[in-house]
Amino acid sequence: MPGPEQAKPADTPAPAAAAQQNNVWKPAISQALEKTAAMIPYFEGKSYPHVSDKSWKYKKESYNNWTAGFYPGMLWLSYQYTKDEKFKQAAEQATTRFKDRLKNAGLSDTHDLGFLYTLTTAAQWMAVKDTAAKQTTVEAADALLKRYRPESDLIQAWGKKGDKNNGGRIIIDTMMNLPLLYWASEQTNNEAYRKAAISQANKTLKYIVRPDNSSFHTYYFDQNNGQPLRGATHQGYKDDSTWARGQAWGIYGFALSYRYTKNEEYLEASRKMARYFIEHLPPDQVAYWDFNVPVLADTPRDSSASAIAACGVLELLGHLPKDDKDRAYFEKFVNDSMTSLVNHYSTKNDPDAQGLLKYGAYNVNNKEFNQHTIWGDYFYLEALMRLDKGLHGYWYE
Ligand code: GLY
């Protein structure tokens, strides 16, 4: 399978944002909306995409996976952008069954409830003020709070309490699940959600973010007393390497934690992780799957990491002062990286491809790469809509 075409060199000056809006972002959004609309009759509101096969086609999957919220999230964004009722109806249909999903104990005992419910029932509340959806979202936050382990003062990502391999293990991805907890505190005036989120953000900052602003994917603590043990990877190249998507989750997650807490340490963490991400990009501004992997002709990219990082840096930019020393640097990154994604990784010239973005990588260690990933599609759409209309998704109201 051919890799992405080489894009312009990184030092090409970024075109003015307004020109990008009319020449690049708007046509890219139109194309993305067409692809999203074409998914509606295929998934019929009852199945969900996860990753594509090698011919760029998604399988029809149940809502069991951690990724089931991203397609409904794309439908909600598409509705808010276009006000087209067909997207609203499809979004409601795809979101409806998430109420039942929460009642399934096997599916609701996971840190991924943030991804799942932020982009479904929270989105429904934020987009159309559906109060039942709001109630379900609070219940999802209750279920997520049960993943908080007081003995070790952390949110356990995977596995049951006491699990031999995953007990006491935190992962950087959880940073994106914390907005559900912050939001629930604001809605209910119950500080418990927010306290757990802050503990998790502090632990992630102290142990997962390394002194050079790179990151471990995961970190183990003694599950009985919270003593720190060691960093380790799951989807990265090595235990002490920097998995590109994990770094991107950190950029966006810390910027969102800053939004909810105004703790400057989180803003600085987001800034420094973003600088690390940008400094380690190849010339076409789209990340390889791990920043420490040897780069050979067939080393996989993870386009989803770059789409997430673009959203994270746009969120970060929203919190930086107008005259911040890094502003121009970050704006150039977003322009260059998103232009590269649109021109060389999107499916704009590929009518047979089902998703929006090619060359994502779920888990290279399991030979899962050169594929659409539904979260890559979601964050690509969110980034474009942030750039064009300031639509920021559902991580906050
Ligand atoms: N949160 C799982 C992943 O990024 O693959």
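Quick note: residue numbers are just sequence positions, from 1. Indexing begins at 1, ligand by ligand and atom by atom, following the structure's order.
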Is [X] in polar range of ligand 1, meaning some N or O pair under 3.5 Å apart?
X      : value
Asp112 : no
Trp249 : yes
Arg245 : yes

Taking the six-membered ring for Trp and the single ring otherwise, decide whether the centroids of His372 and Tyr58 are under 6.0 Å apart.
->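 Yes, close enough.
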Using 30° and 60° as the class limits, which term best fits the ring planes of Trp395 and Tyr378: parallel, tilted or perpendicular?
->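 Ring orientation, 0 to 90° scale: perpendicular.
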Look at the rings of His217 and Trp158 and say which category their plane angle falls in: under 30° parallel, 30 to 60° tilted, over 60° perpendicular.
->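 Ring orientation of His217 relative to Trp158: perpendicular.
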Does ligand 1 have any atom that is closer than 4.0 Å to a heavy atom of Trp375?
->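 For ligand 1, residue contact (heavy atoms, under 4.0 Å) with Trp375 is absent.
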Is the closest heavy atom of Trp243 to ligand 1 under 4.0 Å?
->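 Contact present.
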Which residue owns the protein heavy atom closest to atom 2 (C) of ligand 1, what's the atom, and how far is it?
->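 Among all protein heavy atoms, the one nearest atom 2 (C) of ligand 1 is Asp173 OD2, 3.1 Å.
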Can you tell me if Asn166 uses its side chain to pair, donor with acceptor, with the backbone of Arg169 under 3.5 Å?
->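 Looks like no, no N/O pair under 3.5 Å.
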Expected output: side-chain Arg194 to main-chain Tyr260 donor-acceptor under 3.5 Å =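 Side chain of Arg194 to backbone of Tyr260, a donor-acceptor pair under 3.5 Å: yes, one is there.
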Can a cation-pi geometry be assigned to Lys203 and Phe221, taking NZ or CZ under 6.0 Å from the six-membered ring centre and within 45° of the ring axis?
->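 Satisfied, under 6.0 Å and within 45°.
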Relative to the heavy atoms of Tyr362, which atoms of ligand 1 are at a distance of less than 4.0 Å?
->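 Checking each atom against Tyr362, I get 5 (O).
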Residue Gln235 vicinity, atoms of ligand 1 by number, heavy atom under 4.0 Å =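 With Gln235 as reference, the close atoms of ligand 1 come out as 3 (C), 5 (O).
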